[in-house]
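Here's the structure we're looking at; comments come further down.
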Amino acid sequence: MKNKIETTCEHSAKDFKKLGKVITKLAQKQDLIVIKNRLALFIDGKPCRRWWFADKKSGLLLSVEYGLIDREALLFLTNDDPS
């Protein structure tokens, strides 16, 4: 169980900004509207954001109601298995 509870956020400010750009570009390629909080949350002492994605044509929210943190958003857009 402890192996699955890893730090979900990036460690450096450079990685934090880079990951945000990657997530935004992936969402735009899939014709999604990107909504993110402007404040950085601190989870385990590291900055994280909340992301929401909506369909560009219909405007319907596709991601979960409470938002996805950085790593979850990346997994959502790439359809990777988190394990």
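This chain uses plain numbering: 1 for the first residue, then up along the sequence. Note that the coordinates shown come from a computational prediction; the quantities given were computed from them, not determined experimentally. Side-chain atoms are counted along with the backbone in the values below, which use heavy atoms only and exclude waters and symmetry mates.
- Residue Thr24 holds its OG1 atom at 9.0 Å from CG of Leu19, rounded to the nearest 0.5 Å.
- Under a 3.5 Å cut-off, the side chain of Arg49 and the backbone N or O of Phe16 do form a donor-acceptor pair.
- A pairwise comparison of heavy atoms in Ala73 and Ile23 identifies CB-CD1, 4.1 Å as the closest pair.
- Taking NZ of Lys57 as the start and CG of Asp31 as the end, the distance is 6.5 Å to the nearest 0.5 Å.
- The two residues Ala54 and Gly59 come nearest to each other via the heavy atoms CB-O, 4.0 Å.
- Residues Asp55 and Ile33 are not in side-chain contact: their nearest non-hydrogen atoms beyond the backbone lie 4.5 Å or more apart.
- Counting heavy atoms from C-beta on, the side chains of Trp52 and Leu61 come closer than 4.5 Å.
- Judged by a 6.0 Å distance limit and a 45° cone about the ring axis, Arg71 is not positioned over the six-membered ring of Phe76.
- Placement of Leu62 and Leu26 within a single hydrophobic cluster is found when ILVMFWY residues are connected by side-chain heavy-atom separations under 4.5 Å, directly or transitively.
- The closest side-chain heavy-atom distance from Val34 to Trp51 is below 4.5 Å.
- Using a 4.5 Å cut-off on side-chain heavy atoms (C-beta onward), Leu77 and Gln30 make contact.
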